[in-house]
Amino acid sequence: MLGHLPLTAAVAVMGAAMVSLVDHAHESHTPAATAWVMCVGAAVVLGATMLLAATLQAWDRDRGLYRPLARICAAVAVTCLDVGAARPAPLVLGLALVLLLSIPWGYAVAHHLANAADPSTE
């Protein structure tokens with residue numbers, strides 16, 4: 001139960017940083033604090049999600065999904081930190097994070113659909 005706290009905290013911090021992101025929407029660069037809070041929060045969400053997934057029984061049962069997904073989440077988390085360091089315009093930062101956070105989910109959905117179409121993998 002306590003494993004969900006970092007995930008919840010990261011989402012809450014990212015939500016609070018959205019106010020600054022909207023306030024500075026007209027600027028050419030996102031303020032450093034806002035960019036770092038948003039991007040570190042996204043990286044923590046990805047890391048905490050995989051740490052929680054590692055506690056599931058499915059982690060050992062479906063290694064074909066979870067092991068690559070953990071590596072994808074790690075790579076995306078590093079990329080989120082790169083975006084934070086770049087401090088793009090607020091709109092670009094928001095769109096980049098949405099795109100980056102969709103990568104692991106897209107992989108998981110594609111894996112699920114591929115396995116649903118191939119009953120021999122069950």
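In this text, all values refer to a predicted model and were calculated from it rather than measured experimentally. Starting from 1, each residue takes its place in the sequence as its number.
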In one Ile/Leu/Val/Met/Phe/Trp/Tyr side-chain cluster, 4.5 Å: Val83, Val78: no

Minimum heavy-atom distance His111-Leu65, with the two atoms named: CE1-CB, 3.5 Å

Val13 reachable from Leu7 in the ILVMFWY side-chain graph, under 4.5 Å edges: no

CG on Asn115 to CG on Asp62, rounded to 0.5 Å: 6.5 Å

Close side-chain approach of Thr49 to Cys73, heavy-atom, < 4.5 Å: no

Minimum side-chain heavy-atom gap Met14-Met18 below 4.5 Å: no

For Asp23, side-chain contact (heavy atoms from CB on, under 4.5 Å) partners two or more places apart: Val19

Leu21 with Leu101, same ILVMFWY side-chain cluster at under 4.5 Å: yes

Using atom types as modelled, flag every donor-acceptor pair under 3.5 Å from a side chain in residues 24-48 to any protein atom, sequence neighbours excluded.
residue : atom : partner : partner atom : Å
His24   : ND1  : Ser20   : O            : 3.3
His29   : ND1  : Arg87   : O            : 2.9
Thr30   : OG1  : Pro88   : O            : 2.6
Thr34   : OG1  : Ser20   : OG           : 2.5

Spatial distance of atom OH (Tyr107) from atom OG (Ser102) [nearest 0.5 Å]: 15.5 Å

Euclidean distance, Tyr66 OH relative to Leu56 CG, rounded to 0.5 Å: 5.5 Å

Interatomic spacing from CZ in Arg71 to CE in Met50 - rounded to 0.5 Å: 11.5 Å

